[in-house]
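So that the names make sense, note that chain A is the first sequence line, chain B the second, and so on, each numbered from 1.
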Amino acid sequence: MYPSRFRYEAPRSLSEALDLLKLYGEDAKILAGGQSLTPMIKLRFTSFEVLIDINNIPGLDYHRADSDGTLHFGALCRHSDLEHSELLHRQQPTMAAAAPLIADPIVRNRGTLVGSLCHADPQGDWASVMLALNGEIIAASAEGERVIPVSELVVGPFQNALRQGEIAVEARVPAPKGTVSGDYLKLERRVGDFATVGVAVALESSGSTVSRAGIALTGVGPQNIKATAAEQALVGNSLNSGTIDQAARLAAEAAQPKTDHRGSAEYKRHVVQTFVSRALANRQPARAA
Amino acid sequence: MAQALDEIKIGGLGSSRKRVEDDRFLRGKGNYTDDFKLTGMLHMEILRSPVAHARIKSVDTTKAWQIPGVHMVLTGEMAAQHNLAWMPTLSYDTQAVLATDKVRFQGQEIACVVADDPYIAKDGCEAIEVEYEPLPAIVNPEQALASDAPLIRDDKVGQNDNVCYRWEVGDREGTERAFAQADKISTLRLHYPRSHPSPIECCGSIADYNPATTKLTVYMTTQAPHIIRSAVALVAELPEHMIRIISPDIGGGFGNKVPVYPGYVASILCSILLGRPVKWIEDKTGNLTSTGFARDMYIEGQLALRNDGKILATRFHADTDNGAFFSDAQPSKFKIGLFHSAFGCYDIPYGYQTAQGTYTNKAPGGVAYRCSFRITEAMFFQERMIRAAAFDLGMDQAEFRRMNLVKDDDFPHRTPFGFLLDSGQYEKCLDVALDAIGYQDFLREKEEARSRGRRLGIGISTMSEPLGAGNSREYDIIGIKMFDAAELRVHPSGKAILKIGAKTQGQGHETTFAQIVTHELGIPAPDIVVEHGDTDNTPYGMGTYASRSTPTAGAATAMVSRKIRAKARKLAAHLLEVSEEDVEWELGRFYVRGAHDRGVTIQDCAMAAYSNMPDGLEPGLENNAYYDPPNLTWPFAAYIVTVEVDPETGVWDVLRMVAVDDCGVRINPMIVEGQIMGGMTEAYAMANMQFITFDADGNCVGSNYMDYLLPTAWETPGFELHEVTTASPHHPIGAKGVGECAAVGGPAAFVNAVMDAIDDTGVRNIDMPLLPDRVWEAITYKRDVSGAPPVKTD
Amino acid sequence: MEERRVNVTVNGEPKVADVEPRMLLAHFLREVLGLTGTHIGCDTTNCGACTVNFDGKPIKSCTMFAVQADGHEVETVEGISRASELHAVQEGFKEEHGLQCGFCTSGMMMTAKALLEENPNPTEEDVRWALSGNLCRCTGYQNIVKSVLWAAEKMRSEAAVRR
């Protein structure tokens, strides 16, 4: 409960933050919402010399949509902003379903979407949502910006693909084509628990035909898993009990669960199948394109 | 005409008066141990073992001593120089304060660092280098009893195995005969998982040894300050009159804050060595990994049954996992608490029980987590067994209970294990609960839902638990008899101060104990202040746990009030100028027999005690009473839960929960209901999510709130409460105690409901907590599911 | 050791202090400012006993460093009543027996107050949802929920009178 010593920097602009990051190199750690990092600091599970707090950088707390439907989420957009977002309720049902299931209501007031993605906890919910939506991260550095697909951001448990000197400044969800629907289902034993299993489903369809499918899994592997085969089984087809069953089966096959105190591997795999099937059958439509 | 006082209006018995203690808590002005700041105070942190079982090869504290701001690094070796490396436990065993030879569980105390602030103390802990030689870890009794098991307690002379006690009670031969005559024998085996009371506030102490006066004052989170003072006097070899224990506001206890923990002792030793106050506040990981666990019991037993449903006998055996040190907090004479209270509410002629305890590489404790010493395990096994037997007989579970419950006119009823149940209306409680839930309707609904693939279930739990230890014939802790005391002073103006040996941790003693005085004397409750928790200023008492405050200290309060009334009667006679025999009492007032208008109030008498006493009468109006209850108290409860189970995921939701409690006369109904709802929530938690387990290496799973799951407002179901009242025949105001009934009897209602929802599978048992994966496994494979450690991992 | 200057408004009063960056906000409130009504219950941001309102929103003060509060407003339990007059939430907890040991109560009330400022007319479900980041071991929550609904009603009727 009593952290080790560190230096603290609170830059007022992104360029100042990048300068500091360059100055301190490997010894620095970025603090955004801090709802995962701070507990690790308190338990002395992580150590570093300089904490660079980006909470004072103005203009990073946005989330907005382009006219084509591309969604942008600033590095300081909090989970609670998303939980109460009219925009998401209108346009992005998978995210709207996931937001209230992140941690607990108080943690959601501080924690951020971008920070969660970078934290790369294999039991994190947002990474599955973003995998299902083909989301991306924008990484800024002194050299400029680059786009990292979320599928490439997470390279292992608690390991991300950001390079030294880079700060993740935005998450992005590409514009959908066609009608959007989706859901996020999470088996948690109580509010604030990590997912025993989480399933994100995001569909785009044209008429009754699925034009794009995103299915990703939480808590059933060393990192969040994109169930590619299950996605492909849906594309070009309409949703019916046959295609739903097949996708659910393929998603279960893609899972790599381990037996632990949250349940057996077999059980978790079974829940993946059940949840994919339920999410596809009961998915929520977007209210507007 | 003099107007009679309205007892409810003045805050007497039966009044739901608002709580006195709320005012400070609502403003953030409570005084919990961590809130005290003494001049010159230093802070202590504890270094804990990361491994479960290992020989300590070396402890190097050099670097810790070098950190600026560090005042003391205390190791086991140093403690040993003061004869404090080990301390006695409440179960006549020994426990390491700071490890010297081996570590015996993960989280065990190795060393302490005292520094200017806790951050620096933690830095100091991190700088200590300990070299371990790992030993195999034992995490359950089966491993402990294996012939090749390593000896955990190699420190104890004559200890050649990992058994810490053996116990038996009952009539073995009679029971065997009854079993021989049975039409049917029903069997059940289960594990009651390890749990932790886990109050939100962790344990802590501020030891303040004054070298000038040689007085030791300890502010600490203890439910039993007086017994702690005696224990500290014995352990630290200090004169008892120079020890003052102050138990300030406590952020929940639930049994966690009864034992003496190494942290308390270490803070005292450090304060003595440094001559300055030393504060130790435990973190949650320390609390969950090292302080008093509860349960962790394997029970197997049988009921001998007649085909018509009559229970002829019971026999059962318990294996307890006691951790590295046998430190169960329980009356000394009983090695497995009051576990033999099982099946008490049923009229069963014969019973025989055996038990065996084992040392394992897990934290010690065995505390009475919201219960009277192992009765939670007893009642859980009883009610799970009763349901299994009804099922085996093909009988309705409610009718099976009704047939076997002790009848109203059978009291007092002696159980085969020797308890004397003195009162109750068991069948009535059951009926009230069945009515409230709509039993027959639900059975139809369940059947109808089943035909459509939905799984509904209903679970019942009925039990009478022994509360209020003790009587001094049978109950003592480290030799000190389990009575309790109260002291009452009535000031000249008629305002009063009551001092009790019990200690609230949220139960509201400051509110309810005044109500007892009000009931006895008619002094309005707001005119009475209740003091507790300071050994210098309160009479001796055994503390608050086992729902014993009202049965013991509450009774003492009534008795001391009666002594005050007796003296006031003399004063009244004097004031009224009549003989004492001609004085009549009504609430708050004496009057002359036959002349109701000629009277004096209790306040008049109080003033007279200081200003106008008759010749020969000692001045003042104060007294004390030590109360030794003639028997335990025997509340009864009927709990019914309905659930729906999702067969695809094993997730179950509570549909309704009905509680009927007969806890005798209710002093403050609002507070009683609060206790029942709190207990019921813990029952739900234990059935659903709350447990501590261990992996094969002895690593604790459940060492923080990320893994030790407590339910939030979102999951916790709503509760429907009902009441039946049968006064205790021996308690002066007829109360029986209530704090733990729901936590004791509740778990079985939840589990029985889930078992009922899967009653077509042939599954007899799923161990708590009924995690979704366990329920799913039971449904899918139609097999019992064990939850015993080590936890399965890939 | 390197200390940082922190300017923070606590319960409406400006406070200035030099603190180590590693000091948690909860410890700053308790140890530096002496506001011990904010409690610390767990190590892992689960229990919510340390909940305070940070720029009007409940946060867990054990999961923020004091230096992060620089330039911000913090409200603790000590700041919600005026003189002898309790806030409606405090009154509600007393009326409906929403507390027992009192340890979680400050955090519960801070969360409840923020909820009612945002949603003056919550349902039981809204209240249970909003409080699901605060753990209580004593009450079983039912009376806490009733307390918050009691406060909501009182605040609504007071607002109606003002109109």
Side-chain angles (χ1 to χ4, degrees), chain A residues 1-12 29 31-58 61 76 78-81 83-84 99-111 115 188-194, chain C residues 1-6 19-27 30-31 40-72 107-108 110-112 114-115 118-119 126-135 141:
Chain A
M1 268 298 285
Y2 302 102
S4 302
R5 287 209 171 94
F6 55 79
R7 283 191 63 175
Y8 175 78
E9 299 285 357
R12 301 269 158 184
K29 195 109 193 164
L31 176 73
Q35 300 302 289
S36 301
L37 179 60
T38 307
M40 289 173 80
I41 296 172
K42 289 196 315 186
L43 294 166
R44 302 197 180 201
F45 286 169
T46 178
S47 67
F48 51 85
E49 281 176 26
V50 185
L51 192 63
I52 302 177
D53 177 4
I54 63 168
N55 282 282
N56 295 295
I57 301 177
D61 58 355
L76 294 177
R78 319 270 172 191
H79 308 308
S80 58
D81 298 334
E83 181 183 6
H84 301 113
L101 300 179
I102 310 298
D104 69 51
I106 307 179
V107 169
R108 289 198 291 275
N109 281 337
R110 283 303 288 176
E188 59 177 358
R189 292 171 296 172
R190 69 113 203 260
V191 171
D193 188 17
F194 288 109
Chain C
M1 76 192 81
E2 190 197 0
E3 297 202 329
R4 299 266 310 201
R5 165 97 10 133
V6 182
V19 300
E20 268 199 275
R22 65 171 169 172
M23 177 177 270
L24 299 170
L25 178 58
H27 291 137
R30 291 178 52 82
E31 306 299 328
I40 297 172
C42 76
D43 315 340
T44 48
T45 319
N46 292 102
C47 81
C50 64
T51 302
V52 299
N53 290 343
F54 185 81
D55 295 339
K57 281 192 176 169
I59 59 125
K60 298 187 180 181
S61 64
C62 75
T63 308
M64 183 182 275
F65 298 102
V67 287
Q68 290 184 270
D70 186 38
H72 293 271
M108 284 284 177
M110 297 315 290
T111 304
L115 166 73
E118 203 174 278
N119 177 5
D126 293 335
V127 175
R128 284 186 178 268
W129 185 251
L131 294 178
S132 62
N134 295 84
L135 296 175
Y141 301 106

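- With sequence neighbours excluded, the residues satisfying side-chain contact (heavy atoms from CB on, under 4.5 Å) with C:Lys57 are A:Ser80, A:Asp81, A:Asn109.
- Ranked by heavy-atom pairs shorter than 4.5 Å toward chain A, the options C:Ala26, C:Ala130, C:Cys62, C:Ala114 are led by C:Cys62.
- Scored by the side-chain contact (heavy atoms from CB on, under 4.5 Å) test, C:Thr44 finds A:Leu43, B:Asn704, B:Tyr705, B:Met706, C:Cys42, C:Asn46 as partners (sequence neighbours excluded).
- Of all non-hydrogen atoms in A:Gly34 and C:Thr63, the two that sit nearest each other are O-CG2, 3.6 Å.
- No donor-acceptor pair under 3.5 Å is formed between the side chain of A:Lys42 and the backbone N or O of C:Leu24.
- Using a 4.5 Å cut-off between heavy atoms, C:Met64 contacts chain A through both its backbone and its side chain.
- From C:His27, atom NE2 reaches atom CE of A:Met1 across 4.5 Å, with rounding to the nearest 0.5 Å.
- Counting heavy-atom pairs closer than 4.5 Å to chain C, the top residue among A:Ile106, A:Asp104, A:Leu37, A:Thr38 is A:Ile106.
- To the nearest 0.5 Å, atoms CD1 (C:Ile59) and CD (A:Gln35) are separated by 7.5 Å.
- For A:Asp53, the side-chain contact (heavy atoms from CB on, under 4.5 Å) partners at least two apart in sequence or on another chain are A:Tyr8, A:Leu31, A:Asn55, A:Asn56, C:Gln68.
- Among all heavy-atom pairs drawn from C:Gly133 and A:Pro105, the shortest one is N-CD, 3.7 Å.
- Close approach to chain A, defined as a heavy atom under 4.5 Å from one of its heavy atoms, is seen in C:Thr51, C:Phe54 of residues 47-56 of chain C, taken by number.
- Closest of all the heavy-atom pairs between A:Pro100 and C:Trp129 is O-CZ2, 3.3 Å.
- For A:Ile41, the part lying near chain C is the side chain, with the backbone staying farther off; criterion is any non-hydrogen pair under 4.5 Å.
- The choice from C:Val67, C:Thr45, C:Leu131, C:Asn134 that makes the most heavy-atom pairs within less than 4.5 Å of chain A is C:Val67.
- Among C:Thr111, C:Asp70, C:Asp43, the residue with the largest count of heavy-atom pairs under 4.5 Å with chain A is C:Asp43.
- With a 4.5 Å cut-off on non-hydrogen atoms, A:Arg190 touches chain C through its side chain but not through its backbone.
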